[in-house]
Undergrad: 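Starting off with a structure, shown below.
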Amino acid sequence: MHKNMTNTEIAELLRAVAAAYQLQDEDKNHFKIVAYQRAADAVEHASSELKDLWDERKLDEIPGIGKSIAEHLGELFITGKSNHFELVMKGLPSQMFELMKIPGIGVKTAYSLSSKFKHKIREKSAIEDLEKIAKGGGIAKLEGFGEDSENAILSSIKEVRGREDRLLLPYAMQIAEDIVSWMNKSNEVRRVDALGSLRRYASTVGDVDIAVSSDNPKETIEHFTKYPKKSRVLEKGVRTASIIVPGGKQVDLMVEKPESYGSLLQHFTGSKHHNIALRTMALKKEYSVSDYGIYVLDKKRRSQKALKSSRKSLRKFATEEEFYKFLGMDWIAPELREDNGEIQAAINHKLPKLVVLKDIKADLQIHSDFDIETSHDLGESSMQDLVEEAETLDYEYIAFTEHNPSHSKHTENEIVELLKRKREKVDAINYSLKSKNNSKRILKVFNSLEIDILPNGKLPVSDKGLGTLDFALISIHSSFRLTKTQMTQRVLSALSQPKVKIFAHPVARKLGAREGIELDWEKIFEFCLKNDKWLEINADPMRLDLPDFLVREAVKKGVKLTLGTDAHHATHMANMEFGVSVARRGWAEMQDIINTRSLEEFEKMIEL
DNA sequence: GCCGTTTTCGGCCCGACTGTTTTCAGTCG
């Protein structure tokens with residue numbers, strides 16, 4: 001028996017096949033190479049495991065996987081290998097794929113190095129081995145290499161080693177903010193924007209992308225490369241430059257004149273797939289789109305080679321709105337630019353009216369420091385401080401959702417007693433809020449609880465304990481590795497409790513640290529819809545859970561969602577921004593989100 | 001190899017920078 005391949009492994013394999021074709025004959029295989037790379041991208045971004053899709057005969061639902069690749073993958077799932085893939089990759093040194101993880105080393109370089117040092121570079125320690133060779137001056141001597149490329153390889157190896165994984169949003173934002181304020185120190189700079197995956201609020205960010213509007217690109221680039229906190233300048237041209245900042249993170253900068261800045265904003269925001277789809281669509285209308293603007297092509301354009309000469313005039317765009325309008329489209333919110341149907345929707349004027357931060361009238365997951373001897377970490381701020389923060393944020397209501405009292409350390413009765421104390425405390429807060437006697441709107445505080453779902457689907461709180469609550473959240477904090485069927489049953493069983501309204505951080509992932517659990521989402525969605533249960537979008541930047549692609553599925557089915565920051569300190573309540581961005585990436589509108597409802601509506605919705 | 005609101009055949013996004021060259025290949029976004 002062979003173990004099932006994960007999506008990541010399949011993507012790696014497809015990229016290896018693309019590399020093999022590239023080495024064979026890059027020109028002849030060009031589109032085949034692109035196709036395999038696109039398939040690899042698609043597999044990486046797929047929302048389900050490919051093996052599961054294959055089991056359900058739904059492999060063709062993934063755009064980029066056609067008949068041929070699907071067949072090879074099928075063979076792979078049945079026999080553990082694909083004859084075709086093996087044939088294509090025959091004779092390729094396996095070390096080369098390790099070397100390709102070093103920035104600047106691509107297919108050709110990796111192949112040439114691993115062939116030349118066949119015995120000195122071993123697969124298990126390819127990068128270390130290459131470093132030794134480079135340090136000994138062994139690379140500079142090779143034909144086609146030199147001292148500069150040897151040094152570049154050495155720097156890259158150091159960075160790849162010191163580099164953390166992709167950044168969580170707040171860290172990427174911090175890097176971007178520092179650069180933006182540095183760039184604003186230059187008189188030549190008219191405007192600076194952080195773009196790329198950060199502007200699209202992807203769950204994690206690889207590189208930080210910065211665009212600058214300036215009449216003087218040369219000076220702007222010069223200023224950028226003098227950024228005091230940089231560890232080194234990676235590239236420096238007339239229009240773009242890249243630096244490495246501490247942590248090994250790369251910051252890319254592009255400059256454009258104000259009259260064309262809209263095109264740069266559009267281009268540099270991406271995503272790559274959005275841009276490719278957009279440009280392909282434009283080409284059918286005889287427009288050639290680039291980061292400079294849009295060339296209107298000569299109708300008689302016959303071939304790719306004639307493309308450049310068939311260009312007539314360049315249309316420039318100072319704003320993104322003008323750019324999209326020229327193509328006959330509505331402006332598309334950055335969060336939607338993933339080539340998931342937004343282009344067609346923009347042409348048909350059918351884009352969703354995405355929820356925005358100021359629609360949010362409540363935070364539905366907050367942990368105070370009120371000690372009910374919880375099973376997991378208590379919050380750090382007092383209920384009073386959290387209430388004040390909620391008033392500052394202009395919320396109409398909030399819910400205190402401490403973890404349930406520890407099941408193992410207390411009897412059922414003790415748990416009920418602890419919960420009664422919290423009930424009294426919350427009642428007292430609501431009473432004092434009401435008697436403040438000012439003209440302002442009165443904040444309402446709900447008494448809730450985040451309850452562990454035990455592995456058997458039961459809750460560690462009795463009916464009597466549940467009776468003290470206005471409503472309950474449930475979530476998974478243990479036994480993450482049950483089978484999909486067991487896990488689904490576990491969750492549905494817990495959701496059946498009448499007091500339970502919200503399934504919190506449903507995937508239970510921790511970005512960069514823990515994969516999520518496996519659930520039968522069709523069943524979960526169906527149950528939620530039928531029984532009026534809601535799925536949380538957890539706004540903690542380390543969770544962002546439900547993930548955007550599942551939000552999209554939920555929204556399509558009409559399942560309602562809640563937003564909660566999972567704040568364990570008053571300052572964490574500001575993370576709502578990240579939760580809203582996930583909702584937007586899932587095409588959620590105001591009516592999809594429960595906590596856009598007024599207090600009166602919400603109170604009706606939690607009545608039993 | 002993939003794909004279709006002009007197509008099941010004939011197309012496939014567009015550009016910048018570096019290093020080693022002497023006109024370009026390789027890499028990246």
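Letters A, B, ... are given to chains in the order of the sequence lines, protein chains preceding strands, and every chain is numbered from 1. Predicted model only: the values in this text are computed from it and were never measured.
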Undergrad: Can you tell me the distance, in whole Å, between the CG atom of D207(A) and the P atom of dC17(B)?
TA: 16 Å
Undergrad: Categorize I33(A) for me: base, sugar-phosphate, or nothing, with a 4.0 angstrom heavy-atom threshold over every strand shown.
TA: nothing
Undergrad: Select base, sugar-phosphate, or nothing to describe what Y36(A) touches, counting heavy atoms under 4.0 Å on all strands.
TA: sugar-phosphate
Undergrad: Using a cut-off of less than 4.0 Å, is there contact between a side-chain N or O of S242(A) and OP1 or OP2 of dC17(B)?
TA: no
Undergrad: Using the side-chain heavy atoms of D252(A), tell me which of these nucleotides is nearest: dG1(B), dT18(B), dG29(B).
TA: dG29(B)
Undergrad: Can a donor-acceptor pair be found, under 3.5 Å and without considering hydrogens, that links the side chain of S181(A) to the backbone of D178(A)?
TA: yes
Undergrad: Under a 3.5 Å distance rule, please check whether R122(A) uses its side chain to pair with a backbone N or O of D129(A) as donor and acceptor.
TA: no
Undergrad: Whole Å only: how far is the CD atom of E143(A) from the P atom of dG19(B)?
TA: 19 Å
Undergrad: Report which part of the nucleic acid H274(A) touches: base, sugar-phosphate, or nothing (heavy-atom distance under 4.0 Å, all strands).
TA: nothing
Undergrad: From NZ of K285(A) over to P of dT5(B), roughly how many Å is that when rounded to an integer?
TA: 13 Å
Undergrad: Pick base, sugar-phosphate or nothing for V238(A), based on heavy-atom distances below 4.0 Å to the nucleic acid.
TA: sugar-phosphate
Undergrad: State plainly whether the residues R552(A) and E338(A) are in salt-bridge range, i.e. N to O under 4.0 Å.
TA: no
Undergrad: What is the distance, rounded to the nearest whole Å, between atom CG of D60(A) and atom P of dC3(B)?
TA: 9 Å
Undergrad: For dG1(B), does either OP1 or OP2 sit under 4.0 Å from a side-chain N or O belonging to H84(A)?
TA: yes
Undergrad: R191(A) side chain to V212(A) main-chain N or O, any donor-acceptor pair under 3.5 Å?
TA: no
Undergrad: Out of dG26(B), dG15(B), dC17(B), which nucleotide sits closest to the side chain of T109(A)?
TA: dG26(B)
Undergrad: If we take the C1' atom in both dC2(B) and dT8(B), what is their distance in whole Å?
TA: 12 Å
Undergrad: May I ask you to decide if the ring planes of Y21(A) and Y36(A) are parallel, tilted or perpendicular, using 30° and 60° as cut-offs?
TA: tilted
Undergrad: Report the nucleotide, chosen from dT7(B), dG29(B), dG1(B), that has the shortest atom-to-atom distance to any side-chain atom of H267(A).
TA: dG29(B)
Undergrad: Of all the nucleotides listed (dT6(B), dC14(B), dC12(B)), which has the minimum atom distance to the side chain of S288(A)?
TA: dC14(B)
Undergrad: Looking at Y292(A), does any N or O in its side chain come under 4.0 Å of the phosphate oxygens OP1/OP2 on dA16(B)?
TA: yes
Undergrad: Measure CG/D291(A) against C1'/dG15(B) and give the value in whole Å, please.
TA: 6 Å
Undergrad: Would you mind classifying the nucleic acid contact of L278(A) as base, sugar-phosphate or nothing, using non-hydrogen atoms under 4.0 angstrom?
TA: nothing
Undergrad: Taking only Lys NZ, Arg NE, NH1 and NH2, and the carboxylate oxygens of Asp or Glu, determine whether R200(A) and E342(A) approach each other closer than 4.0 Å.
TA: no
Undergrad: What integer number of Å spans the C1' atoms of dT5(B) and dG1(B)?
TA: 24 Å
Undergrad: Rounded to whole Å, how long is the line connecting atom CG of L253(A) with atom P of dC17(B)?
TA: 11 Å
Undergrad: Within the 4.0 Å heavy-atom criterion, would you say E147(A) contacts the bases, only the backbone, or no part of the nucleic acid?
TA: sugar-phosphate
Undergrad: Look at all strands and tell whether D148(A) reaches a base, only sugar-phosphate, or nothing, counting heavy atoms closer than 4.0 Å.
TA: sugar-phosphate
Undergrad: CG of D41(A) versus P of dG1(B): gap in Å, rounded?
TA: 18 Å
Undergrad: What contact category does K108(A) fall into here, base, sugar-phosphate, or nothing, at under 4.0 angstrom with non-hydrogen atoms?
TA: sugar-phosphate
Undergrad: Is there a side-chain polar atom (N or O) of T280(A) under 4.0 Å from OP1 or OP2 of dC13(B)?
TA: yes
Undergrad: dC12(B) P sits how many Å from H30(A) NE2, rounded?
TA: 11 Å
Undergrad: Report the nucleotide, chosen from dG1(B), dC12(B), dG29(B), that has the shortest atom-to-atom distance to any side-chain atom of A35(A).
TA: dG1(B)
Undergrad: Check every strand shown and say whether I69(A) touches a base, only sugar-phosphate, or nothing at a heavy-atom separation below 4.0 Å.
TA: sugar-phosphate
